[in-house]
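Working notes, beginning with the structure itself.
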Amino acid sequence: MLQTRRHELRLRHNNNLKMNKIDVLLGLQWGDEGKGKVVDALTQRYQVVARFQGGANAGHSLEFNGIKHVLHLIPSGIFHPSTTNIIGNGVVVDPIVLIQEVEALEQMGINASQTLHISKKAHLILPSHRALDAASEAAKGKDKIGSTLKGIGPTYMDKTGRNGLRVGDILRPDFDQLYQQLKARHQAQLEQYGASTTIDTADEAQWMAAIARMRKLTLIDSEYAMQQHLADGQRVLAEGAQGSLLDIDFGSYPFVTSSNTVCAGACTGLGVAPNRIGEVYGIFKAYCTRVGAGPFPTELFDSTGEQLRTIGAEFGATTGRPRRCGWLDMVALRYAIMVNGVTQLIMTKADVLDTFATIRVATAYRVDGQLTDQLPYSTDAHIEPVYREFEGWQASIANARSEAELPKQLMDYVRFIEEQTGVPVRIISVGPDRNATIVRGE
Ligand code: GDP
Ligand code: IMO
Ligand code: MG
(Lines give C-alpha, C1' and ligand atoms only; values in the text may rest on other atoms or scores of the structure.)
(Ligands and ions follow the chains in the order given, each with its own letter.)
Protein backbone atom coordinates (compact mmCIF):
# COMPACT_ATOMS: atom_id res chain seq x y z
CA MET A 1 0.00 0.00 0.00
CA LEU A 2 2.74 2.40 1.08
CA GLN A 3 4.85 1.30 -1.89
CA THR A 4 2.03 2.04 -4.36
CA ARG A 5 1.59 5.48 -2.80
CA ARG A 6 5.34 6.17 -3.09
CA HIS A 7 5.26 4.98 -6.70
CA GLU A 8 2.36 7.33 -7.43
CA LEU A 9 4.17 10.24 -5.82
CA ARG A 10 7.34 9.50 -7.80
CA LEU A 11 5.34 9.35 -11.02
CA ARG A 12 3.68 12.67 -10.27
CA HIS A 13 7.05 14.19 -9.40
CA ASN A 14 8.55 12.93 -12.69
CA ASN A 15 5.59 14.28 -14.65
CA ASN A 16 6.07 17.64 -12.97
CA LEU A 17 9.73 17.66 -13.99
CA LYS A 18 8.77 16.87 -17.59
CA MET A 19 6.07 19.53 -17.74
CA ASN A 20 6.76 22.54 -19.94
CA LYS A 21 7.94 25.77 -18.40
CA ILE A 22 6.64 29.21 -19.16
CA ASP A 23 8.88 31.77 -20.80
CA VAL A 24 8.59 35.38 -19.70
CA LEU A 25 9.26 38.47 -21.83
CA LEU A 26 9.54 41.72 -19.94
CA GLY A 27 10.84 45.27 -20.24
CA LEU A 28 14.16 46.13 -18.57
CA GLN A 29 13.86 49.90 -18.71
CA TRP A 30 10.96 52.33 -18.11
CA GLY A 31 8.53 50.64 -20.50
CA ASP A 32 7.98 50.99 -24.26
CA GLU A 33 10.97 48.79 -25.07
CA GLY A 34 9.09 47.14 -27.95
CA LYS A 35 7.45 44.29 -26.03
CA GLY A 36 4.36 44.20 -28.26
CA LYS A 37 6.41 44.00 -31.43
CA VAL A 38 8.64 41.20 -30.20
CA VAL A 39 5.84 39.17 -28.55
CA ASP A 40 3.95 39.29 -31.84
CA ALA A 41 7.09 38.25 -33.75
CA LEU A 42 7.67 35.32 -31.34
CA THR A 43 4.04 34.18 -31.03
CA GLN A 44 4.37 31.61 -33.81
CA ARG A 45 6.59 29.65 -31.37
CA TYR A 46 3.95 29.68 -28.62
CA GLN A 47 0.42 28.35 -28.20
CA VAL A 48 -0.45 30.66 -25.31
CA VAL A 49 0.39 34.31 -24.62
CA ALA A 50 -0.53 35.74 -21.21
CA ARG A 51 -0.49 39.20 -19.61
CA PHE A 52 0.26 39.04 -15.87
CA GLN A 53 0.12 42.62 -14.51
CA GLY A 54 -0.70 46.22 -15.29
CA GLY A 55 -3.70 47.31 -17.28
CA ALA A 56 -4.56 49.83 -19.95
CA ASN A 57 -1.66 52.04 -18.85
CA ALA A 58 0.27 49.81 -21.27
CA GLY A 59 0.40 50.54 -25.00
CA HIS A 60 1.94 47.71 -26.97
CA SER A 61 2.47 48.42 -30.66
CA LEU A 62 2.92 45.83 -33.34
CA GLU A 63 3.10 46.12 -37.06
CA PHE A 64 2.60 43.79 -40.01
CA ASN A 65 1.39 44.15 -43.62
CA GLY A 66 2.11 47.89 -43.32
CA ILE A 67 -0.47 48.41 -40.55
CA LYS A 68 0.34 49.42 -36.98
CA HIS A 69 -1.86 48.15 -34.14
CA VAL A 70 -1.77 49.29 -30.51
CA LEU A 71 -3.04 46.98 -27.76
CA HIS A 72 -3.58 48.14 -24.19
CA LEU A 73 -5.05 45.14 -22.39
CA ILE A 74 -5.23 42.22 -24.78
CA PRO A 75 -2.02 40.19 -25.10
CA SER A 76 0.04 40.75 -28.24
CA GLY A 77 -0.50 37.16 -29.42
CA ILE A 78 -4.07 37.97 -30.47
CA PHE A 79 -3.29 38.36 -34.18
CA HIS A 80 -2.38 34.69 -34.48
CA PRO A 81 -5.73 32.84 -34.75
CA SER A 82 -4.55 29.59 -33.16
CA THR A 83 -3.02 31.25 -30.08
CA THR A 84 -4.87 31.37 -26.76
CA ASN A 85 -4.52 34.78 -25.08
CA ILE A 86 -4.89 35.01 -21.33
CA ILE A 87 -5.45 38.05 -19.12
CA GLY A 88 -4.15 36.82 -15.77
CA ASN A 89 -5.30 37.51 -12.22
CA GLY A 90 -2.54 40.10 -11.73
CA VAL A 91 -4.00 42.41 -14.39
CA VAL A 92 -6.45 45.23 -13.63
CA VAL A 93 -9.18 45.33 -16.27
CA ASP A 94 -11.14 48.34 -17.48
CA PRO A 95 -14.18 46.70 -19.12
CA ILE A 96 -14.63 49.63 -21.52
CA VAL A 97 -11.10 49.34 -22.91
CA LEU A 98 -11.39 45.56 -23.04
CA ILE A 99 -14.61 45.54 -25.06
CA GLN A 100 -13.40 48.34 -27.35
CA GLU A 101 -10.31 46.26 -28.12
CA VAL A 102 -12.33 43.08 -28.68
CA GLU A 103 -14.70 44.92 -31.02
CA ALA A 104 -11.91 46.63 -32.98
CA LEU A 105 -10.22 43.27 -33.45
CA GLU A 106 -13.47 41.61 -34.51
CA GLN A 107 -13.97 44.32 -37.12
CA MET A 108 -10.61 43.28 -38.52
CA GLY A 109 -11.78 39.67 -38.71
CA ILE A 110 -9.90 38.51 -35.57
CA ASN A 111 -12.14 36.33 -33.44
CA ALA A 112 -10.91 37.82 -30.17
CA SER A 113 -13.88 36.78 -28.03
CA GLN A 114 -13.06 33.17 -28.94
CA THR A 115 -9.32 33.14 -28.23
CA LEU A 116 -9.27 35.51 -25.27
CA HIS A 117 -9.58 34.05 -21.76
CA ILE A 118 -9.84 36.29 -18.69
CA SER A 119 -9.05 35.37 -15.11
CA LYS A 120 -12.00 35.67 -12.74
CA LYS A 121 -9.52 36.88 -10.13
CA ALA A 122 -8.39 39.93 -12.16
CA HIS A 123 -9.60 43.17 -10.57
CA LEU A 124 -12.02 45.59 -12.23
CA ILE A 125 -11.25 49.26 -12.87
CA LEU A 126 -14.38 51.34 -12.19
CA PRO A 127 -15.01 54.81 -13.66
CA SER A 128 -14.58 56.10 -10.09
CA HIS A 129 -11.07 54.55 -9.95
CA ARG A 130 -10.12 56.71 -12.92
CA ALA A 131 -11.59 59.77 -11.17
CA LEU A 132 -9.55 58.94 -8.06
CA ASP A 133 -6.37 58.58 -10.14
CA ALA A 134 -6.91 62.10 -11.53
CA ALA A 135 -7.72 63.52 -8.06
CA SER A 136 -4.65 61.88 -6.52
CA GLU A 137 -2.35 63.27 -9.23
CA ALA A 138 -3.90 66.75 -8.97
CA ALA A 139 -3.39 66.69 -5.19
CA LYS A 140 0.31 65.86 -5.64
CA GLY A 141 0.82 69.07 -7.62
CA LYS A 142 4.42 69.46 -8.78
CA ASP A 143 5.30 66.06 -7.26
CA LYS A 144 2.90 64.18 -9.51
CA ILE A 145 3.93 60.77 -10.87
CA GLY A 146 2.83 61.47 -14.44
CA SER A 147 0.32 58.62 -14.27
CA THR A 148 -1.50 57.58 -17.44
CA LEU A 149 -4.70 58.25 -15.40
CA LYS A 150 -6.18 54.88 -16.36
CA GLY A 151 -7.16 54.11 -12.76
CA ILE A 152 -4.30 51.66 -12.18
CA GLY A 153 -3.04 52.88 -8.78
CA PRO A 154 -6.46 53.21 -7.10
CA THR A 155 -7.52 49.77 -8.38
CA TYR A 156 -4.42 48.05 -6.99
CA MET A 157 -4.97 49.98 -3.74
CA ASP A 158 -8.47 48.52 -3.51
CA LYS A 159 -7.04 45.08 -4.27
CA THR A 160 -4.48 45.18 -1.46
CA GLY A 161 -6.96 47.02 0.78
CA ARG A 162 -9.36 44.09 0.17
CA ASN A 163 -12.14 46.29 -1.17
CA GLY A 164 -11.87 45.51 -4.87
CA LEU A 165 -14.32 44.03 -7.33
CA ARG A 166 -13.08 41.12 -9.40
CA VAL A 167 -14.02 39.93 -12.87
CA GLY A 168 -15.70 36.85 -11.38
CA ASP A 169 -18.02 39.12 -9.37
CA ILE A 170 -19.82 40.18 -12.57
CA LEU A 171 -21.56 36.77 -12.47
CA ARG A 172 -23.03 37.42 -9.01
CA PRO A 173 -26.72 38.40 -8.84
CA ASP A 174 -25.85 41.25 -6.44
CA PHE A 175 -23.14 42.72 -8.70
CA ASP A 176 -24.96 46.05 -9.20
CA GLN A 177 -25.19 46.49 -5.45
CA LEU A 178 -21.49 45.70 -4.98
CA TYR A 179 -20.69 48.24 -7.68
CA GLN A 180 -22.79 50.95 -6.00
CA GLN A 181 -21.13 50.25 -2.62
CA LEU A 182 -17.63 50.60 -4.03
CA LYS A 183 -18.58 53.69 -6.02
CA ALA A 184 -20.00 55.33 -2.87
CA ARG A 185 -16.73 54.59 -1.07
CA HIS A 186 -14.81 56.23 -3.91
CA GLN A 187 -17.10 59.26 -3.84
CA ALA A 188 -16.28 59.74 -0.16
CA GLN A 189 -12.57 59.60 -1.04
CA LEU A 190 -13.08 62.08 -3.89
CA GLU A 191 -14.72 64.43 -1.46
CA GLN A 192 -11.66 64.23 0.79
CA TYR A 193 -9.52 65.27 -2.16
CA GLY A 194 -11.88 68.19 -2.70
CA ALA A 195 -12.60 66.81 -6.17
CA SER A 196 -15.95 66.46 -7.93
CA THR A 197 -17.86 63.36 -6.75
CA THR A 198 -19.96 63.19 -9.89
CA ILE A 199 -19.30 60.12 -11.99
CA ASP A 200 -20.17 60.80 -15.61
CA THR A 201 -23.42 58.93 -16.34
CA ALA A 202 -22.52 58.23 -19.98
CA ASP A 203 -19.19 56.72 -18.82
CA GLU A 204 -21.04 54.62 -16.24
CA ALA A 205 -23.61 53.41 -18.80
CA GLN A 206 -20.82 52.43 -21.19
CA TRP A 207 -19.06 50.60 -18.35
CA MET A 208 -22.21 48.64 -17.46
CA ALA A 209 -22.77 47.76 -21.15
CA ALA A 210 -19.17 46.52 -21.32
CA ILE A 211 -19.75 44.40 -18.20
CA ALA A 212 -22.76 42.81 -19.92
CA ARG A 213 -20.55 41.95 -22.92
CA MET A 214 -17.82 40.60 -20.63
CA ARG A 215 -20.27 38.09 -19.15
CA LYS A 216 -20.30 36.35 -22.53
CA LEU A 217 -16.50 36.06 -22.71
CA THR A 218 -14.53 33.07 -21.42
CA LEU A 219 -13.83 33.70 -17.73
CA ILE A 220 -11.30 31.31 -16.22
CA ASP A 221 -9.22 30.43 -13.18
CA SER A 222 -5.85 31.31 -14.71
CA GLU A 223 -3.85 29.18 -12.27
CA TYR A 224 -5.66 25.99 -13.31
CA ALA A 225 -5.63 27.04 -16.96
CA MET A 226 -1.86 27.60 -16.91
CA GLN A 227 -1.30 24.24 -15.24
CA GLN A 228 -3.43 22.55 -17.90
CA HIS A 229 -1.73 24.30 -20.83
CA LEU A 230 1.68 23.28 -19.50
CA ALA A 231 0.58 19.72 -18.73
CA ASP A 232 -0.76 19.49 -22.31
CA GLY A 233 2.72 20.29 -23.57
CA GLN A 234 1.79 23.75 -24.82
CA ARG A 235 4.34 26.54 -24.97
CA VAL A 236 3.38 29.60 -22.95
CA LEU A 237 4.84 33.12 -23.19
CA ALA A 238 4.10 35.64 -20.43
CA GLU A 239 4.07 39.23 -21.70
CA GLY A 240 5.15 41.90 -19.25
CA ALA A 241 3.80 45.42 -19.24
CA GLN A 242 5.68 48.60 -18.21
CA GLY A 243 9.33 47.96 -17.32
CA SER A 244 11.47 46.81 -14.40
CA LEU A 245 12.43 50.38 -13.45
CA LEU A 246 8.72 51.12 -12.97
CA ASP A 247 8.26 48.12 -10.63
CA ILE A 248 6.44 48.96 -7.37
CA ASP A 249 9.26 47.42 -5.29
CA PHE A 250 12.37 47.84 -7.43
CA GLY A 251 11.59 50.91 -9.53
CA SER A 252 12.40 54.52 -8.69
CA TYR A 253 9.70 54.73 -6.00
CA PRO A 254 7.39 56.66 -5.82
CA PHE A 255 7.78 57.33 -9.58
CA VAL A 256 6.61 53.86 -10.48
CA THR A 257 3.48 51.98 -11.44
CA SER A 258 1.48 49.99 -8.89
CA SER A 259 2.33 46.42 -9.84
CA ASN A 260 5.29 44.03 -9.85
CA THR A 261 6.55 44.30 -13.39
CA VAL A 262 9.51 42.01 -12.69
CA CYS A 263 9.61 38.28 -13.41
CA ALA A 264 8.22 37.33 -10.00
CA GLY A 265 5.04 39.15 -11.06
CA ALA A 266 4.47 36.46 -13.69
CA CYS A 267 4.22 33.86 -10.89
CA THR A 268 1.76 35.83 -8.78
CA GLY A 269 -0.06 37.33 -11.75
CA LEU A 270 -0.82 34.04 -13.47
CA GLY A 271 -0.61 31.44 -10.73
CA VAL A 272 2.54 29.62 -11.84
CA ALA A 273 5.16 28.41 -9.40
CA PRO A 274 8.68 29.93 -9.54
CA ASN A 275 10.18 26.59 -10.60
CA ARG A 276 7.92 26.60 -13.68
CA ILE A 277 9.65 29.67 -15.15
CA GLY A 278 11.81 28.84 -18.17
CA GLU A 279 13.55 31.48 -20.27
CA VAL A 280 13.39 35.08 -19.09
CA TYR A 281 13.65 37.38 -22.10
CA GLY A 282 14.70 40.86 -21.07
CA ILE A 283 13.97 43.50 -23.66
CA PHE A 284 15.71 46.89 -23.88
CA LYS A 285 16.11 49.71 -26.35
CA ALA A 286 19.57 50.49 -27.73
CA TYR A 287 19.11 53.78 -25.84
CA CYS A 288 16.67 54.81 -23.06
CA THR A 289 13.30 56.51 -22.82
CA ARG A 290 10.99 57.38 -19.98
CA VAL A 291 7.51 58.88 -19.97
CA GLY A 292 6.25 60.53 -16.80
CA ALA A 293 8.24 61.92 -13.87
CA GLY A 294 11.16 60.42 -11.95
CA PRO A 295 14.93 60.01 -12.16
CA PHE A 296 16.56 59.34 -15.51
CA PRO A 297 20.35 59.64 -15.07
CA THR A 298 21.31 59.50 -18.77
CA GLU A 299 18.55 61.82 -19.99
CA LEU A 300 19.56 64.22 -22.76
CA PHE A 301 18.15 67.73 -22.82
CA ASP A 302 19.97 68.78 -25.98
CA SER A 303 19.59 68.29 -29.73
CA THR A 304 20.83 64.69 -29.44
CA GLY A 305 17.86 63.88 -27.18
CA GLU A 306 15.59 65.62 -29.66
CA GLN A 307 17.12 63.55 -32.47
CA LEU A 308 16.42 60.30 -30.57
CA ARG A 309 12.81 61.41 -30.00
CA THR A 310 12.24 62.39 -33.63
CA ILE A 311 13.95 59.44 -35.32
CA GLY A 312 12.63 56.96 -32.76
CA ALA A 313 9.09 58.44 -32.93
CA GLU A 314 9.20 58.54 -29.14
CA PHE A 315 5.67 59.57 -28.29
CA GLY A 316 3.55 57.51 -25.87
CA ALA A 317 1.36 54.77 -27.40
CA THR A 318 -1.25 55.33 -24.66
CA THR A 319 -1.17 59.05 -23.90
CA GLY A 320 0.70 60.53 -26.90
CA ARG A 321 3.06 62.33 -24.50
CA PRO A 322 6.62 62.98 -25.78
CA ARG A 323 9.00 60.48 -24.20
CA ARG A 324 12.13 61.69 -22.43
CA CYS A 325 15.19 60.28 -24.24
CA GLY A 326 18.78 59.49 -23.30
CA TRP A 327 21.70 57.09 -23.66
CA LEU A 328 21.74 53.43 -22.69
CA ASP A 329 22.39 52.96 -18.97
CA MET A 330 24.34 49.79 -18.06
CA VAL A 331 24.01 50.37 -14.30
CA ALA A 332 20.22 50.28 -14.61
CA LEU A 333 20.30 47.46 -17.17
CA ARG A 334 22.50 45.21 -15.00
CA TYR A 335 20.19 45.89 -12.04
CA ALA A 336 17.10 44.94 -14.06
CA ILE A 337 18.81 41.77 -15.32
CA MET A 338 19.69 40.87 -11.72
CA VAL A 339 16.20 41.27 -10.24
CA ASN A 340 14.59 39.39 -13.13
CA GLY A 341 17.07 36.56 -13.63
CA VAL A 342 17.21 37.38 -17.34
CA THR A 343 18.54 34.50 -19.43
CA GLN A 344 18.42 36.13 -22.88
CA LEU A 345 18.46 39.74 -24.00
CA ILE A 346 16.51 41.37 -26.81
CA MET A 347 17.71 44.71 -28.15
CA THR A 348 15.27 46.90 -30.07
CA LYS A 349 15.43 50.13 -32.05
CA ALA A 350 19.12 49.83 -32.94
CA ASP A 351 18.09 51.34 -36.30
CA VAL A 352 17.23 54.62 -34.53
CA LEU A 353 20.99 55.10 -33.97
CA ASP A 354 21.81 54.61 -37.68
CA THR A 355 22.80 58.25 -38.30
CA PHE A 356 24.72 58.87 -35.07
CA ALA A 357 28.47 59.41 -35.43
CA THR A 358 29.05 58.63 -31.75
CA ILE A 359 27.01 56.55 -29.32
CA ARG A 360 27.43 56.80 -25.57
CA VAL A 361 26.69 54.29 -22.84
CA ALA A 362 26.76 54.91 -19.09
CA THR A 363 28.88 52.20 -17.43
CA ALA A 364 28.93 53.59 -13.86
CA TYR A 365 27.61 56.52 -11.82
CA ARG A 366 29.29 59.14 -9.76
CA VAL A 367 26.92 59.77 -6.86
CA ASP A 368 27.92 62.73 -4.69
CA GLY A 369 31.46 62.33 -5.99
CA GLN A 370 31.64 58.57 -5.29
CA LEU A 371 32.03 56.11 -8.15
CA THR A 372 29.46 53.29 -8.00
CA ASP A 373 28.00 50.56 -10.19
CA GLN A 374 24.78 50.38 -8.16
CA LEU A 375 21.51 52.30 -8.32
CA PRO A 376 21.23 54.68 -5.36
CA TYR A 377 18.29 54.30 -2.95
CA SER A 378 17.28 57.94 -3.07
CA THR A 379 15.48 59.31 -6.10
CA ASP A 380 16.93 62.73 -5.15
CA ALA A 381 20.54 61.55 -5.42
CA HIS A 382 22.65 63.64 -7.77
CA ILE A 383 23.84 61.13 -10.36
CA GLU A 384 26.56 61.88 -12.86
CA PRO A 385 26.84 59.07 -15.41
CA VAL A 386 30.30 57.87 -16.43
CA TYR A 387 30.19 57.32 -20.18
CA ARG A 388 31.97 55.14 -22.64
CA GLU A 389 31.87 56.18 -26.29
CA PHE A 390 31.31 53.99 -29.30
CA GLU A 391 31.78 54.74 -32.96
CA GLY A 392 28.44 54.82 -34.79
CA TRP A 393 27.84 52.63 -37.86
CA GLN A 394 26.29 55.43 -39.94
CA ALA A 395 24.49 53.09 -42.29
CA SER A 396 20.90 51.94 -42.56
CA ILE A 397 20.22 48.58 -40.92
CA ALA A 398 16.44 48.72 -41.44
CA ASN A 399 16.52 46.09 -44.18
CA ALA A 400 18.97 43.73 -42.49
CA ARG A 401 17.45 40.31 -41.82
CA SER A 402 20.49 38.38 -40.62
CA GLU A 403 23.40 39.02 -38.28
CA ALA A 404 25.83 38.87 -41.21
CA GLU A 405 24.22 42.03 -42.64
CA LEU A 406 24.78 44.06 -39.47
CA PRO A 407 27.72 46.52 -39.38
CA LYS A 408 30.82 45.75 -37.31
CA GLN A 409 30.33 48.83 -35.08
CA LEU A 410 26.84 47.63 -34.09
CA MET A 411 28.13 44.16 -33.31
CA ASP A 412 30.92 45.71 -31.19
CA TYR A 413 28.17 47.54 -29.28
CA VAL A 414 26.23 44.29 -28.83
CA ARG A 415 29.30 42.37 -27.67
CA PHE A 416 30.09 45.11 -25.16
CA ILE A 417 26.57 44.79 -23.72
CA GLU A 418 27.00 41.02 -23.50
CA GLU A 419 30.32 41.41 -21.70
CA GLN A 420 28.91 43.97 -19.28
CA THR A 421 25.85 41.88 -18.44
CA GLY A 422 27.04 38.31 -18.92
CA VAL A 423 23.84 37.58 -20.84
CA PRO A 424 23.61 36.84 -24.59
CA VAL A 425 21.74 39.23 -26.88
CA ARG A 426 19.55 36.73 -28.68
CA ILE A 427 17.36 39.03 -30.78
CA ILE A 428 18.11 42.34 -32.48
CA SER A 429 15.10 44.30 -33.71
CA VAL A 430 15.81 46.71 -36.58
CA GLY A 431 12.36 48.15 -37.27
CA PRO A 432 8.75 48.18 -36.07
CA ASP A 433 7.57 45.50 -38.49
CA ARG A 434 7.14 41.89 -37.38
CA ASN A 435 9.72 40.84 -40.00
CA ALA A 436 12.40 43.32 -38.95
CA THR A 437 13.57 40.88 -36.28
CA ILE A 438 16.95 39.13 -36.32
CA VAL A 439 17.16 36.02 -34.16
CA ARG A 440 20.88 35.31 -33.76
CA GLY A 441 22.06 31.81 -34.37
CA GLU A 442 19.12 30.98 -36.67
P1 GDP B 1 5.94 48.37 -25.69
O2 GDP B 1 5.08 49.14 -24.76
O3 GDP B 1 7.13 47.79 -25.03
O4 GDP B 1 5.17 47.34 -26.47
O5 GDP B 1 6.49 49.44 -26.75
P6 GDP B 1 5.63 50.59 -27.49
O7 GDP B 1 4.79 49.96 -28.52
O8 GDP B 1 4.97 51.47 -26.51
O9 GDP B 1 6.81 51.47 -28.10
C10 GDP B 1 7.74 50.93 -28.98
C11 GDP B 1 7.68 51.73 -30.28
O12 GDP B 1 8.82 51.41 -31.07
C13 GDP B 1 6.48 51.38 -31.15
O14 GDP B 1 6.11 52.51 -31.88
C15 GDP B 1 7.02 50.28 -32.06
O16 GDP B 1 6.31 50.22 -33.30
C17 GDP B 1 8.42 50.76 -32.27
N18 GDP B 1 9.44 49.71 -32.46
C19 GDP B 1 9.55 48.50 -31.87
N20 GDP B 1 10.71 47.90 -32.23
C21 GDP B 1 11.33 48.75 -33.06
C22 GDP B 1 12.60 48.72 -33.74
O23 GDP B 1 13.38 47.79 -33.64
N24 GDP B 1 12.90 49.82 -34.49
C25 GDP B 1 12.07 50.90 -34.61
N26 GDP B 1 12.46 51.93 -35.37
N27 GDP B 1 10.90 50.96 -33.99
C28 GDP B 1 10.54 49.91 -33.21
P1 IMO C 1 4.12 49.78 -21.58
O2 IMO C 1 3.55 48.44 -21.20
C3 IMO C 1 5.84 53.54 -20.24
C4 IMO C 1 4.41 55.14 -16.43
C5 IMO C 1 3.59 56.41 -16.46
C6 IMO C 1 3.95 57.00 -15.11
C7 IMO C 1 4.06 55.77 -14.22
C8 IMO C 1 2.79 55.47 -13.43
O9 IMO C 1 3.52 50.36 -22.80
O10 IMO C 1 5.60 49.74 -21.60
P11 IMO C 1 0.37 54.57 -14.02
O12 IMO C 1 -0.58 54.91 -15.13
O13 IMO C 1 0.78 53.15 -14.00
O14 IMO C 1 -0.13 55.05 -12.70
O15 IMO C 1 1.68 55.46 -14.32
O16 IMO C 1 4.34 54.69 -15.09
N17 IMO C 1 3.88 54.04 -17.29
C18 IMO C 1 4.45 53.66 -18.44
N19 IMO C 1 5.50 54.18 -19.11
N20 IMO C 1 5.21 52.44 -20.71
C21 IMO C 1 4.18 51.90 -20.04
O22 IMO C 1 3.61 50.73 -20.39
C23 IMO C 1 3.72 52.55 -18.87
N24 IMO C 1 2.72 52.30 -17.99
C25 IMO C 1 2.84 53.22 -17.02
O26 IMO C 1 3.98 57.24 -17.52
O27 IMO C 1 5.23 57.59 -15.17
MG1 MG D 1 4.22 51.05 -24.59
Side-chain angles (χ1 to χ4, degrees), residues 25-41 51 53-64 67-73 75-76 91-92 94 125 129-130 132-134 136-137 140 144-157 239-248 251-259 261 283-296 308 310-324 346-354 396-398 400 427-438:
L25 185 147
L26 43 80
L28 297 178
Q29 296 163 325
W30 287 283
D32 305 328
E33 298 89 349
K35 298 174 291 290
K37 182 235 143 130
V38 176
V39 169
D40 168 63
R51 279 273 309 266
Q53 46 66 235
N57 47 351
H60 294 183
S61 323
L62 42 107
E63 200 173 309
F64 54 90
I67 301 173
K68 184 170 186 155
H69 307 273
V70 181
L71 294 165
H72 299 286
L73 257 180
S76 302
V91 175
V92 285
D94 187 329
I125 299 183
H129 278 129
R130 280 188 256 112
L132 277 173
D133 212 356
S136 160
E137 280 285 78
K140 284 194 159 87
K144 69 177 185 181
I145 309 294
S147 163
T148 60
L149 304 181
K150 302 294 176 189
I152 307 297
T155 307
Y156 279 117
M157 281 165 73
E239 172 182 0
Q242 290 78 55
S244 303
L245 305 177
L246 288 171
D247 181 272
I248 183 74
S252 42
Y253 193 89
F255 302 102
V256 292
T257 190
S258 300
S259 65
T261 59
I283 181 164
F284 67 100
K285 279 180 198 178
Y287 49 97
C288 277
T289 63
R290 176 166 199 163
V291 57
F296 181 175
L308 284 171
T310 311
I311 303 173
E314 295 296 357
F315 295 89
T318 296
T319 57
R321 290 178 291 179
R323 294 177 183 148
R324 300 156 64 191
I346 299 171
M347 183 167 92
T348 59
K349 305 195 88 161
D351 55 298
V352 173
L353 301 177
D354 278 355
S396 172
I397 57 167
I427 295 173
I428 300 172
S429 169
V430 294
D433 192 89
R434 190 187 268 178
N435 296 324
T437 314
I438 298 173

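Every number for a ligand or one of its atoms is a count from 1 in the order of the listing. Computed from a predicted model, the values in this text were never measured in an experiment.
Counting heavy atoms from C-beta outward, H69 and S76 have side chains that stay 4.5 Å or more apart. Looking at heavy atoms from C-beta onward, S147 lies out of side-chain contact with I152 at the 4.5 angstrom threshold. Considering only heavy atoms from C-beta on, I427 comes within 4.5 Å of T437 through its side chain. No side-chain heavy atom of V291 sits under 4.5 Å from any side-chain heavy atom of W30.
Here D351 has side-chain heavy atoms under 4.0 Å from ligand 1, and that is the only part of it that gets that close. Within the 4.0 Å heavy-atom criterion, the part of V430 lying near ligand 1 is the backbone and not the side chain.
In terms of N/O distances under 3.5 Å, ligand 1 is not approached by A350. Close N/O approach between V352 and ligand 1 is not found [any backbone or side-chain N/O within under 3.5 Å]. Not one N or O of A317 is nearer than 3.5 Å to an N or O of ligand 1, by distance alone.
Between K285 and E314, at least one side-chain N (NZ, or NE/NH1/NH2) sits under 4.0 Å from a carboxylate O, which counts as a salt bridge. Under a 4.0 Å N-O distance rule, the pair D133/K150 does not qualify as a salt bridge.
Side chain of D247 to backbone of L245: no donor-acceptor contact under 3.5 angstrom is found. In this structure a side-chain-to-backbone donor-acceptor pair under 3.5 Å is present from Q29 to Y287. The main-chain N or O of L132 is never found under 3.5 Å from a side-chain atom of S136 such that the two would form a donor-acceptor pair. Under the 3.5 Å distance criterion, the side-chain polar atoms of Y156 are matched with a main-chain donor or acceptor of G54.
When all heavy atoms of T257 and T261 are compared, the closest pair comes out as CG2-CG2, 3.9 Å.
For ligand 2, residues of the protein lying within 4.0 angstrom by heavy-atom distance are W30, G31, D32, K35, N57, A58, G59, H60, I145, G146, S147, T148, A241, Q242, L246, V256, T257, V291, G292, R321.
At least one test fails for R324 against the ring of F296: distance under 6.0 Å to the centre or angle within 45° of the axis.
The distance from ligand 1 to the heavy atoms of S429 drops below 4.0 Å at these ligand atoms: 20 (N), 21 (C), 22 (C), 23 (O). The G431 neighbourhood of ligand 1 comprises atoms 20 (N), 21 (C), 22 (C), 23 (O), 24 (N), 25 (C), with distances under 4.0 Å to a heavy atom of that residue. Near G34, meaning under 4.0 Å from one of its heavy atoms, ligand 1 places the atoms 1 (P), 3 (O), 4 (O), 5 (O). When each atom of ligand 1 is checked for a heavy atom of G36 under 4.0 Å away, the hits are 4 (O).
With respect to E239, the side-chain hydrogen bond (donor to acceptor under 3.5 Å, both in side chains) criterion is satisfied by exactly one of Q53, R51, H60: H60. Test L62, T348, I283 against K35 for side-chain contact (heavy atoms from CB on, under 4.5 Å) and you get one pass: I283.
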Checking S259 against I248 for the side chain to side chain contact (heavy atoms under 4.5 Å, CB included) test, could you report, in this order, the C-alpha distance in whole Å, the side-chain angles of both residues, the deciding distance, and whether it holds?
CA-CA 5 Å; S259 65; I248 183 74; 5.6 Å; no
Might you work through the salt bridge (Lys or Arg N to Asp or Glu O under 4.0 Å) test for D94 and R130, ending with a clear yes or no?
CA-CA 10 Å; D94 187 329; R130 280 188 256 112; 2.9 Å; yes
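At least one heavy atom of R323 sits closer than 4.0 Å to an atom of ligand 1. Residue contact check for ligand 1: G27 places no non-hydrogen atom closer than 4.0 Å to it. Note on ligand 1: G31 sits outside its first shell, no heavy atom being nearer than 4.0 Å. Residue contacts with ligand 1 leave out E314, since none of its heavy atoms falls under 4.0 Å from the ligand.
For atom 28 (C) of ligand 1, the candidate residues are E239, K349, K37; the nearest heavy-atom contact is made by K349. For the residues M347, K35, Q29, E63, the heavy atom positioned nearest atom 3 (O) of ligand 1 is part of K35. Proximity annotation for atom 16 (O) of ligand 1: of K68, H60, E33, K68 comes nearest, heavy atoms only.
Excluding water, every protein N/O/S atom under 2.8 Å from the Mg ion (ligand 3) is given here by residue and atom: D32 OD1, G59 O.
In terms of protein heavy-atom proximity, atom 7 (O) of ligand 1 is closest to S61 OG, 2.5 Å. Of all protein heavy atoms, the one lying nearest to atom 10 (C) of ligand 1 is D32 O, 3.7 Å. Nearest protein heavy-atom neighbour of atom 6 (P) of ligand 1: G59 O, 3.5 Å.
For F315, the CZ atom sits in a packed shell: over 12 heavy atoms of surrounding residues, nucleotides or ligands are nearer than 6.0 Å.
Between the CG atom in D351 and the CD1 atom in I311 there is a gap of 9.5 Å [rounded to 0.5 Å]. The CD atom of E33 lies 10.5 Å from the CD1 atom of I346; values are rounded to the nearest 0.5 Å.
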